Chemist: 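Below you will find the structure I want to go over with you.
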Amino acid sequence: MQPLLPPPKSIDELLERAESIAGLSFTELADMAGVELPSNFKHHKGWTGQLIEVLLGSYAGSKPQQDFPDLGVELKTIPIDAYGKPLETTYVCYAPLINVAGIEWSNSNVKNKLSCVLWMPVEGSRDILPQDRRVAMPVLWQPSETQNAVLEQDWTELQDMICLGQVEKINASIGQALQIRPKAADGSSLTEAIGANGEVIQTRPRGYYLRKEFTHEILKSYFS
DNA sequence: GAATGATCATGC
DNA sequence: GCATGATCATTC
């Protein structure tokens with residue numbers, strides 16, 4: 001998919017664009033973008049996110065930066081049920097597993113990505129066909145002090161385990177708001193990490209994700 | 001039913 | 001393989 005518009009020049013312009021597609025169905029959005037609508041997402045898991053990106057004027061790419069670097073805004077689509085509750089966790093970024101000296105919360109990719117997020121909730125219930133799913137109203141969010149503290153605490157705990165060679169002990173149950181889970185094409189994918197004795201080991205790549213409870217709180221606070 | 005771990009598509 | 005976009009599907 002190619003961007004349909006130049007990047008927005010201001011947050012207001014970005015919000016206007018986002019609000020202008022709220023309420024529209026995936027069928028209407030696919031038409032606007034000139035792309036085919038998948039009948040399901042089994043083989044097109046990132047389709048919705050990329051569709052919203054091109055409609056709002058984000059440059060496609062896999063750069064480890066925000067979607068709108070000039071505005072300092074990250075774009076996230078999030079599937080919700082009929083009650084506005086998230087149906088999935090939210091991927092944040094890759095978890096660095098090696099050469100981690102010098103990485104602190106203040107300069108981490110997680111903090112950078114989550115410093116300002118434009119959430120685009122979309123209907124995601126599996127009993128709604130992709131063609132009928134609609135986009136909800138956007139939410140521009142910046143973490144509160146409390147939220148930032150929780151994120152920092154989780155990140156520190158997890159990143160400490162990585163530094164101490166305990167990556168193999170990390171599972172998705174660790175962390176109140178942030179968790180680490182595998183992030184790879186399949187189980188054969190490997191990357192370097194720190195082992196229990198400080199040696200270099202091979203392990204499955206991991207990513208940081210936000211729990212549904214945390215994103216639910218974000219969405220609720222803007223609709224109450 | 002929800003959560004964890006696994007997986008799919010794409011561009012370099 | 002890394003990093004983006006995430007959802008799937010097995011396990012609990």
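Here the structure is a predicted model, which means the values were calculated and not measured.
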Chemist: Do R206(A) and T191(A) have a side chain donor and acceptor closer than 3.5 Å?
Modeler: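 The answer is no; no qualifying pair exists.
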Chemist: Y91(A) has an atom OH; how far is it from atom P of dG5(B), in whole Å?
Modeler: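 Taking OH of Y91(A) and P of dG5(B), I get 17 Å after rounding.
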Chemist: Heavy-atom contacts under 4.0 Å between residues 64-78 of chain A and DNA chain C, which residues?
Modeler: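 Output list: P64(A), D67(A), E74(A), K76(A), T77(A).
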Chemist: Do NZ/NE/NH1/NH2 and the carboxylate oxygens of E28(A) and R133(A) come within less than 4.0 Å?
Modeler: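 Judged by the 4.0 Å cut-off on N to carboxylate O distance, E28(A) and R133(A) do not form a salt bridge.
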Chemist: Taking the side chain as everything from C-beta on, heavy atoms only, tell me whether Y208(A) gets closer than 4.5 Å to I180(A).
Modeler: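 They are in contact (side-chain heavy atoms under 4.5 Å apart), so the answer is yes.
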Chemist: Closer than 4.0 Å, any side-chain N/O of T191(A) to the OP1 or OP2 of dC2(C)?
Modeler: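 Yes.
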Chemist: Specify the separation, in whole Å, of atom NZ of K113(A) and atom C1' of dG5(C).
Modeler: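 The answer, rounded to whole Å, is 10 Å.
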Chemist: Using a heavy-atom cut-off of 4.0 Å across all strands, would you classify L190(A) as base, sugar-phosphate, or nothing?
Modeler: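 L190(A): backbone/sugar contact only, no base atoms under 4.0 Å.
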Chemist: Within this structure, what is the OH-to-P distance between Y94(A) and dT4(C), rounded to whole angstrom?
Modeler: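 Checked: the OH to P distance equals 9 Å.
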Chemist: Rounding to a whole Å, what distance do you find between L87(A):CG and dA9(C):C1'?
Modeler: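 Checked: the CG to C1' distance equals 15 Å.
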Chemist: Scan nucleotides 7-12 of chain B nucleotide by nucleotide, 5' to 3', and note B when protein non-hydrogen atoms come under 4.0 Å of the base, S if they reach only the sugar-phosphate, - if neither.
Modeler: BBS-B-
Chemist: In whole angstrom, give the distance that lies between atom CG of L178(A) and atom P of dT4(B).
Modeler: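 Between P of dT4(B) and CG of L178(A): 13 Å.
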Chemist: For the side chain of N171(A), counting heavy atoms from C-beta on, which of dG1(C), dG5(B), dT4(B) is nearest?
Modeler: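 So the nucleotide nearest the side chain must be dG5(B).
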Chemist: Using whole Å, what does the distance between atom P of nucleotide dC8(C) and atom CG of D127(A) come to?
Modeler: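 Computing the D127(A):CG to dC8(C):P distance gives 13 Å.
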Chemist: With L210(A) as reference, evaluate V117(A), T89(A), L151(A) under the side chain to side chain contact (heavy atoms under 4.5 Å, CB included) test and give the passing residue.
Modeler: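 Of the listed residues V117(A), T89(A), L151(A), the side chain to side chain contact (heavy atoms under 4.5 Å, CB included) partner of L210(A) is L151(A).
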Chemist: For E88(A) and dA6(C), give me the distance from atom CD to atom C1', rounded to whole Å.
Modeler: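 Going from E88(A) (CD) to dA6(C) (C1'), I get 8 Å.
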Chemist: Are a donor atom and an acceptor atom from the side chains of S173(A) and N171(A) found within less than 3.5 Å of each other?
Modeler: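 Yes, N171(A) and S173(A) have a side-chain donor paired with an acceptor closer than 3.5 Å.
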Chemist: Can E168(A) and T203(A) be said to form a side chain to side chain donor-acceptor pair (under 3.5 Å), step by step?
Modeler: CA-CA 8 Å; E168(A) 299 291 16; T203(A) 191; 3.2 Å; yes
Chemist: Return no unless some side-chain N or O of R206(A) is found under 4.0 Å from OP1 or OP2 of dG5(B).
Modeler: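 Checking dG5(B) against R206(A), no side-chain N or O comes under 4.0 Å of OP1 or OP2.
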Chemist: Give the nucleotide from the list dC2(C), dA6(C), dC8(C) with an atom nearest to the side chain of F41(A).
Modeler: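 The closest nucleotide is dC8(C).
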Chemist: Just the rounded figure in Å: distance from C1' of dT4(B) to CD of Q179(A).
Modeler: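 Going from Q179(A) (CD) to dT4(B) (C1'), I get 8 Å.
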Chemist: Can you find a heavy atom in the side chain of V73(A) that is under 4.5 Å from one in the side chain of Q66(A)?
Modeler: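 Sidechains of Q66(A) and V73(A): no contact.
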Chemist: Under 4.0 Å between any heavy atoms, over every strand shown, what does T90(A) touch: base, sugar-phosphate, or nothing? Just pick one.
Modeler: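 Answer is nothing: T90(A) stays at 4.0 Å or more from every strand.
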Chemist: F214(A) vs W141(A) aromatic rings, parallel, tilted or perpendicular, using cut-offs 30° and 60°?
Modeler: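 Correct class here is perpendicular.
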Chemist: So, are E19(A) and R17(A) salt-bridged, with charged N and O less than 4.0 Å apart?
Modeler: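 Salt bridge between E19(A) and R17(A), a charged N being under 4.0 Å from a carboxylate O: no.
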